[in-house]
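Worksheet for the structure shown next.
In the text below, chain A, chain B and the rest are named by the order of the sequence lines, each starting its count at 1. Only this structure's heavy atoms are used, side chains among them; waters, hydrogens and symmetry mates stay out.
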Amino acid sequence: MRLSRYFLPVLKENPAEAQIVSHRYMLRAGMIRQQAAGIYSWLPLGFKVLRRIEQIVHEEQQRAGHIPMLMPTLQPADLWRESGRYDDYGEEMLRITDRHKRDMLYGPTNEEMITDIFRAHISSYKDLPLTLYHVQWKFRDEIRPRFGVMRGREFLMKDGYNFDLTKADALHAYNRHLVSYLRTYERMGLQALPMRADSGPIGGDNTHEFLVLADTGESEVYYDSAVTDIRLGARAIDYDDHAQCQAVMEEFTALYARTDETHDPAAFAAIPAARQRMARGIEVGQIFYFGTKYSEPMGATVVTADGGRVPVHMGSHGIGVSRLLGAIIEASHDDKGIIWPEGVTPFHCGIVNLKQGDAGTDAACMEVYTALKARGLDPLYDDRDERAGAKFATMDLIGLPWRITAGPRGLASGKVELTCRRTGLTEEMPAPDAIERIAAIYKDI
RNA sequence: CGGGGCGUAGCGCAGUCUGGUAGCGCGGCGGUUUUGGGAACCGUAGGUCGUAGGUUCGAAUCCUAUCGCCCCGACCA
C-alpha cells in the first residue's frame, strides 16, 4: 500500500478521553473511532490487525480439529428462557423487541444457540466428539465501558463449544483448547498465562483464564514466577493424543497461578519467596468445562451404544479477539508508539522515502516496494511529500516492526537502511539484501 | 447505580465567575523558502458554542430540563 493512497488519520496530540496507552495509541494511529460508549468503528489500520488476529485464531482452531461456523448476533429470547439465563443475565444483556413485539437479544454469548443447533441435528453417540466454533460480534451492556477496545460493549470474540459423550472426553476437549490457545497467543507474540479462575455466570467447576501481564490489567493475579519460563515453542502437538494434551495442560498449570477470585494465600505462601509474584493481568481468553449444565435443561442428548439416552458433556471456550489488540499494545510499545509483533503487524515492513520527488530515490523506493510485494509481503510505502521526521514519527507510531529507509545520501553508495522498530538498530546494506532479510524474517510467520 | 467532571472548528484547549462582533495551537488548503527525527513565514477555509425551553434590548456566558462523553467506585471477557 502506498501511504498517499491509504486512509490513515493519525493524530499528533493525545485525545482527552484515552487514559491507557493502548487506547491512546489506537486512536492516535488512526485504528479506531469511537461511535458511542464502548462501541467503535475499525478504521483500515485497526481492521487489518483485527483480521490478522482473527486469522491466527481460525488457523489454530482448525489445526486442533474444531469446525468453523457462524451464528447470528441477534437471538430469540425463548432460547434463553429455556436455560434460565434470560432472567439471570440481568442488565448486561441488551434486550430488543422486533416489530412483532417478539423478545430478542443481542447475544453476549452462544451456549443456548449452539445447544439448540446440536439437539436439532445430532442424536447418536457416533456423531461425537464434536467441537464447533465461530468468531462473531457480541454485546454486553457494561455499566461502564472503558479502556478502548479492552472493555468495550461490542466486541469480537471467538467462542467454541465441545460436545462429548463422557466427562473424560470433554476434559480432553478442555485440554485440547488449552493447548491450542497457548499456541494461538504465542503466534501473536504474546505470553498469556493460564490461571485457575472463577466460572462466573457460565457456570461449571473446571476453568482457566489466560492472562497477559500488564500494569493496566483489570485482574489482580498471583503466580509463581517460574510459570513465565514455560513455552510451547515449536514442539509437535497431536491434538488427538489425550495423554500429550493432558501432559501439556499439567505442565502449564502445575505451578501456582491464580486470579484474585480463586487466590489461596496459604498455597501462595508455600512458593519460594523469591518466586512469589503479585501483578495485574488482562484477560484474553477463558476455557470452561461445565458438563451437562445446558444439555440437560435444553434436552441435548444422544443415544448411546446400549440404546440409552444421555445428555452430552459440554464446555465452552472463548478468545477476546478485539480485546487482544489492546492487550498486545499494552504488552508491546514504547514512548514513540506501538511495536507490533511480526505475527499480527498490519504491514510487514515500512518504506520511507527521504526525498520524495528525487528521481533516483523515488525509483529506488518503488523497486523495494514492488520487490517486497512480489515476495508475497505487504509493505507500507510512505510516498507522501513530507519531511523525514514526520515520516519516521508516523512509522514509529503505527509500529511496523521493520522499516527500510532510502535517501540520496545512502543511495549514492548503493545502500538503504534496515531498522528494527523494537531495538532501534539500523544497518546499511544494498536494497536486495534488505529485501532478502525481510523475506527471511517472515518466512515462518 | 452512587460520587465527581466535561460538552466551544477534524484534534487539544481558552473564553463562562462579571451577558455586549467566537478565539488560540495543531491539523486542512494555496504560496514562498526549506528538506535525515513531527520545519519557518505569508495567506486562506472551517463553528446552529451538545439539544430544547426560559430570562434579557442582547446569551457560549444566567436559569430549567434533557442528551452525550470521561473519571473513581460497585460490576465485568
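Using a 3.5 Å distance cut-off with no hydrogens or angles, the side chains of A/Thr131 and A/Arg176 do pair a donor with an acceptor.
Candidate nucleotides B/G38, B/G36, B/A74 were compared by shortest atom distance to the side chain of A/Ile143, and B/A74 ranks first. Closest to the A/Ala388 side chain, of the nucleotides B/G36, B/G12, B/C75, is B/G36.
By the 4.0 Å N-to-carboxylate-O rule, A/Arg151 lies close enough to A/Glu142 to be salt-bridged with it. The existence of a salt bridge linking A/Arg258 and A/Glu209 is excluded, since no basic side-chain nitrogen approaches an acidic carboxylate oxygen closer than 4.0 Å. One finds no salt bridge joining A/Arg280 and A/Asp215 here, because no Lys/Arg side-chain nitrogen approaches an Asp/Glu carboxylate oxygen to under 4.0 Å. The pair A/Asp362-A/Lys355 does not meet the salt-bridge criterion, since no charged nitrogen lies less than 4.0 angstrom from a carboxylate oxygen.
Not counting sequence neighbours, the partners of A/Asp433 by the side-chain contact (heavy atoms from CB on, under 4.5 Å) test are A/Met429, A/Pro430.
Across all strands, A/Gly152 comes closer than 4.0 Å to base atoms (heavy-atom distances). Among the heavy atoms of the strands, none lies under 4.0 Å from A/Arg33. Using a 4.0 Å heavy-atom cutoff across all strands shown, A/Gly410 reaches at least one base atom of the nucleic acid. At the heavy-atom level, A/Glu92 lies under 4.0 Å from the strands shown only through sugar-phosphate atoms.
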Restricting to nitrogen or oxygen on both sides, can you table the protein-nucleotides 70-72 of chain B pairs closer than 3.5 Å?
unit_1	atom_1	unit_2	atom_2	d
B/C70	OP1	A/Gln34	OE1	3.4
B/C70	OP1	A/Gln34	NE2	3.2
B/C71	OP2	A/Arg144	NH1	3.4
B/C72	OP2	A/Arg144	NH1	3.0
B/C72	OP2	A/Arg144	NH2	2.5

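Mapping A/Asn14 and A/Glu417 onto RNA chain B via the closest heavy atom, the residue that lands nearer the 5' end is A/Asn14.
Residue A/Glu13 places a side-chain atom within donor-acceptor reach of the base of B/G25, judged by atom type and a 3.5 Å distance cut-off alone. On a pure distance criterion of 3.5 Å, no polar donor-acceptor pair joins the side chain of A/Arg403 and the base of B/G36.
If you take atom P in B/U51 and the same atom in B/G7, they sit 14 Å apart, rounded to whole Å.
One finds no side-chain N or O of A/Lys12 lying less than 4.0 angstrom from the OP1 or OP2 phosphate oxygen of B/G38.
Between the C1' atom of B/C76 and the CZ atom of A/Phe155 lies a distance of 10 Å, rounded to the nearest Å.
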